[in-house]
**Student:** 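Just dropping this structure here.
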Amino acid sequence: MSSELLQRMRDWKLRLKARTVVRAGVWWRGAPVIAVTGTNGKTTTVQLIDRMLREAGYKTARCTTYGVWHNGVRVAGGDRAGHRGVWRALHCPGLQVLVAEVARGGLLRYGTGFARCRVGVITNVLADHLGEGGIGTLDQMAAVKSEVARRADPRGVVVLNADDARVRAMAQVSRARPIFFTMEGREREFERSWFLREGRLWRKHGASEEPLIAAAEMPMTLGGHQRHNIANALAALAAIEGIADLFPVSRATQLAALRAYERDPREYPPGRFLLTRFRGQPVLLLHCKNPESHRLEAAMVRRVQSALGCRYLVGVATSAGNRSEEYHREVSEEIARLSDGVFLCPPHRRFLRGLTPEEILRRLSVALKPEQRLGVEALPTATMIERARARFGDSFLLVYFLAYADPLFQLDEFLREAEFLPIPAAALEGEG
């Protein structure tokens, strides 16, 4: 029997299993699903929704790229952003609400893992993973993501990013009531929306507008400067509104969750703008998984560098292999623009995904000047600090752009030795 035929049989069995989970799990157990998809912001939005529901006293499960959590306690590790996570989460005892991250790969291979979701959330559609699975354009990617909108229950809600034209159009393919969120002042175009105005989050329903919380009050926005996290908060609030007929959450509880989220860097999987000190040197851990992520983080990275008084910025760059050459070129350009020196390293072998380490390094180096290249191999953090000091002295900030993909970076070991640092107040001042 050919390997191709065997793979088709395995895929068919997994699809059958996913359908069985829906019939024997979601509806028979009576746990409604809040499903979140998009290119960026999925995990943060899921965690925010889950936190609000838990703090209101409900029994929840959430599945994300980092695993499955039951009532805030991790019960399964690994990437569970899809049908595998849904299947595991449904076996959590006493489950009342399931909040599921739905990633592109699982959607293409196995579907959503559920027949209906009470609330569907689509954060955005950006240039990532193009060229895989027959998806070559943003319109095709939007068609994949729109599956969550199509599966939103007619009695429920679909939450859509009004600032993304492809996402905004998904209201036409969903039978659920739309709630929009916007950072660009489009709120008056819709009956129901959540929006940002003059640094504050607002809710609109018909002609009524309700001011809620200043963006700077939410730790995850870093003084209101991380606008993408403001958008994630708006999406989460809209989702909570969408499930309120079954599981209401008071406004006070919602706002308390926003004020507490990411106050303690140990509470959620770190690596998404986490500032530390290691061997006497400031080290910043990021989760820049695509060119847009690099662009979104760049301004705040510069603010932190300036507030710390670091003259130089030294980057550590890697990337997954299953991306187009244009994608890697854009990443290389963003890193070159921000960094004075760069350590390039091939990713962990599980992220090679069809490319050789040499090819990934070649692609990531295309925009770097020769004097910016500090190394082209995987190195321990301590070694990179030593080499950077030999070049730049002590006045530099070391930035891991994609910490989890570095083959020699062990987060748990790093955090046992590293000291958490608050983001400097000087970096949080000024307009967000």
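Keep in mind that the numbers below use all heavy atoms, side chains included, and drop hydrogens, waters and symmetry copies.
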**Student:** Please report the C-alpha distance between Glu241 and Val157 in whole Å, then the side-chain angles of each, then the deciding distance to 0.1 Å, and finally whether the side chain to side chain contact (heavy atoms under 4.5 Å, CB included) criterion is met.
**Tutor:** CA-CA 9 Å; Glu241 178 182 341; Val157 160; over 6 Å; no
**Student:** Step by step, work out the side chain to side chain contact (heavy atoms under 4.5 Å, CB included) result for Tyr327 and Asn290.
**Tutor:** CA-CA 8 Å; Tyr327 169 103; Asn290 51 44; 3.7 Å; yes
**Student:** A side-chain contact here means heavy atoms from C-beta on lying under 4.5 Å apart; do Phe181 and Ser193 qualify?
**Tutor:** no
**Student:** Sequence neighbours left out, what pairs pass ring pair (Phe, Tyr, Trp, His ring centres under 6.0 Å) with at least one residue falling in residues 331-351?
**Tutor:** Phe351-Tyr404
**Student:** Is the closest basic N to carboxylate O distance between Glu429 and Arg303 below 4.0 Å?
**Tutor:** no
**Student:** Could you tell me whether the side chains of Arg311 and Gln305 share a donor-acceptor contact shorter than 3.5 Å?
**Tutor:** no
**Student:** Is there a donor-acceptor pair closer than 3.5 Å between any side-chain N or O of Asp340 and the backbone N or O of Val314?
**Tutor:** no
**Student:** Measure the CZ-CG distance between Arg363 and Leu361 for me, rounded to the nearest 0.5 Å.
**Tutor:** 11.5 Å
**Student:** Supply the atom-to-atom distance Ser306 OG to Leu313 CG, rounded to the nearest 0.5 angstrom.
**Tutor:** 12.0 Å
**Student:** Donor-acceptor pair, Ser174 side chain versus Arg150 backbone, under 3.5 Å?
**Tutor:** no
**Student:** Between His70 and Val75, is there a donor-acceptor pair closer than 3.5 Å when you use the side chain of the first and the backbone of the second?
**Tutor:** no
**Student:** Let me know which of Lys289, His287, His294 forms a side-chain contact (heavy atoms from CB on, under 4.5 Å) with Phe401.
**Tutor:** His294
**Student:** Evaluate salt bridge (charged side-chain N to carboxylate O under 4.0 Å, His left out) for Asp50 paired with Arg54, printing each intermediate quantity in order.
**Tutor:** CA-CA 6 Å; Asp50 176 75; Arg54 283 191 290 113; 2.7 Å; yes
**Student:** Take atom CD in Glu371; do more than 12 heavy atoms of anything else shown fall under 6.0 Å from it?
**Tutor:** yes
**Student:** Is there side-chain contact between Thr253 and Met52, with at least one heavy-atom pair below 4.5 Å?
**Tutor:** no
**Student:** Could you walk me through whether Phe409 and Phe414 pass the ring-ring contact (aromatic ring centres under 6.0 Å, His included) check?
**Tutor:** CA-CA 7 Å; Phe409 184 82; Phe414 177 85; 5.0 Å; yes
**Student:** Please check if the side chain of Arg80 supplies one atom and the backbone of Gly77 the other of a donor-acceptor pair under 3.5 Å.
**Tutor:** yes
**Student:** Would a distance-only check, ignoring hydrogens and angles, find a side-chain to backbone donor-acceptor pair under 3.5 Å from Lys145 to Gly38?
**Tutor:** yes
**Student:** Any donor and acceptor pair, going by atom type alone, linking the side chain of Gln372 with main-chain N or O of Ala336 inside 3.5 Å?
**Tutor:** yes
**Student:** Looking only at side chains, do Glu101 and Thr43 share a donor and an acceptor under 3.5 Å apart?
**Tutor:** yes
**Student:** Could you check Arg295 against Glu292 for salt bridge (charged side-chain N to carboxylate O under 4.0 Å, His left out), going step by step and ending with a plain yes or no?
**Tutor:** CA-CA 5 Å; Arg295 287 187 280 269; Glu292 182 65 16; 3.4 Å; yes
**Student:** Distance check, rounded to the nearest 0.5 Å: His228 atom NE2 versus Met300 atom CE?
**Tutor:** 10.5 Å
**Student:** Show the nearest heavy-atom pair for residues Cys310 and Pro282, with the distance to one decimal.
**Tutor:** SG-CG, 4.0 Å
**Student:** Is Arg329 paired with Glu334 through a side-chain N to carboxylate O contact shorter than 4.0 Å?
**Tutor:** no
**Student:** Could you give all pairs that pass the side-chain hydrogen bond (donor to acceptor under 3.5 Å, both in side chains) test and reach residues 160-170, with sequence neighbours left out?
**Tutor:** Asp139-Arg166, Asp163-Thr182
**Student:** Heavy atoms, side chains only, cut-off 4.5 Å: are Phe420 and Leu275 in contact?
**Tutor:** no
**Student:** Taking the inter-plane angle between the rings of Phe190 and Phe180 on a 0 to 90° scale, is it parallel (under 30°), tilted (30 to 60°) or perpendicular (over 60°)?
**Tutor:** parallel
**Student:** Quick check against the 3.5 Å criterion: does Thr221 have a side-chain atom that pairs as donor or acceptor with the backbone of Ile230?
**Tutor:** no
**Student:** Spell out, as yes or no, whether a donor-acceptor pair under 3.5 Å connects the side chain of Arg151 to the backbone of Phe114.
**Tutor:** yes
**Student:** I want to check something: taking the side chain as every heavy atom from C-beta on, are Glu210 and Trp202 in contact at a cut-off of under 4.5 Å?
**Tutor:** no
**Student:** Are Val159 and Ile122 side-chain neighbours, meaning at least one heavy-atom pair lies under 4.5 Å?
**Tutor:** no
**Student:** Check whether any side-chain heavy atom of Cys117 lies under 4.5 Å from a side-chain heavy atom of Ile34, and answer yes or no.
**Tutor:** no
**Student:** State, with a plain yes or no, whether a side-chain heavy atom of Glu359 is found less than 4.5 Å away from one of His328.
**Tutor:** no
**Student:** Does the pair Val121 and Val148 meet the rule for a side chain to side chain contact (heavy atoms under 4.5 Å, CB included), with working shown?
**Tutor:** CA-CA 7 Å; Val121 181; Val148 168; over 6 Å; no
**Student:** Start with the C-alpha distance between Leu402 and Cys288, add both sets of side-chain angles, then the distance that settles side chain to side chain contact (heavy atoms under 4.5 Å, CB included), and finish with yes or no.
**Tutor:** CA-CA 5 Å; Leu402 193 61; Cys288 296; 5.5 Å; no
**Student:** Do side-chain atoms of His91 reach the backbone of Trp87 as a donor and acceptor pair under 3.5 angstrom?
**Tutor:** yes
**Student:** First locate atom CZ of Phe195, then atom CE of Met183, and finally report the distance between them rounded to the nearest 0.5 Å.
**Tutor:** 12.5 Å
**Student:** Ignoring hydrogens, what is the shortest heavy-atom contact between Leu397 and Val283? Give both atom names and the distance.
**Tutor:** CD1-N, 4.3 Å
**Student:** Which residues pass the salt bridge (charged side-chain N to carboxylate O under 4.0 Å, His left out) test with Arg373, sequence neighbours left out?
**Tutor:** none
**Student:** Just how far is it from atom CG of Leu364 to atom OG of Ser332, taken to the nearest 0.5 Å?
**Tutor:** 6.5 Å
**Student:** Please identify which of these residues, Thr381, Leu285, Leu284, meets the side-chain contact (heavy atoms from CB on, under 4.5 Å) condition with Leu398.
**Tutor:** Thr381
**Student:** With distance as the sole test, does Thr45 use its side chain to make a donor-acceptor pair with the main-chain N or O of Gly41 at under 3.5 Å?
**Tutor:** yes
**Student:** Counting C-beta onward and ignoring hydrogens, is there a side-chain heavy-atom pair between Ser339 and Val342 closer than 4.5 Å?
**Tutor:** yes
**Student:** Is a side-chain donor-acceptor pair under 3.5 Å present for Gln254 with Glu55?
**Tutor:** no
**Student:** Examine the side chains of Glu187 and Trp194 and answer whether a donor and an acceptor come within less than 3.5 Å of each other.
**Tutor:** no
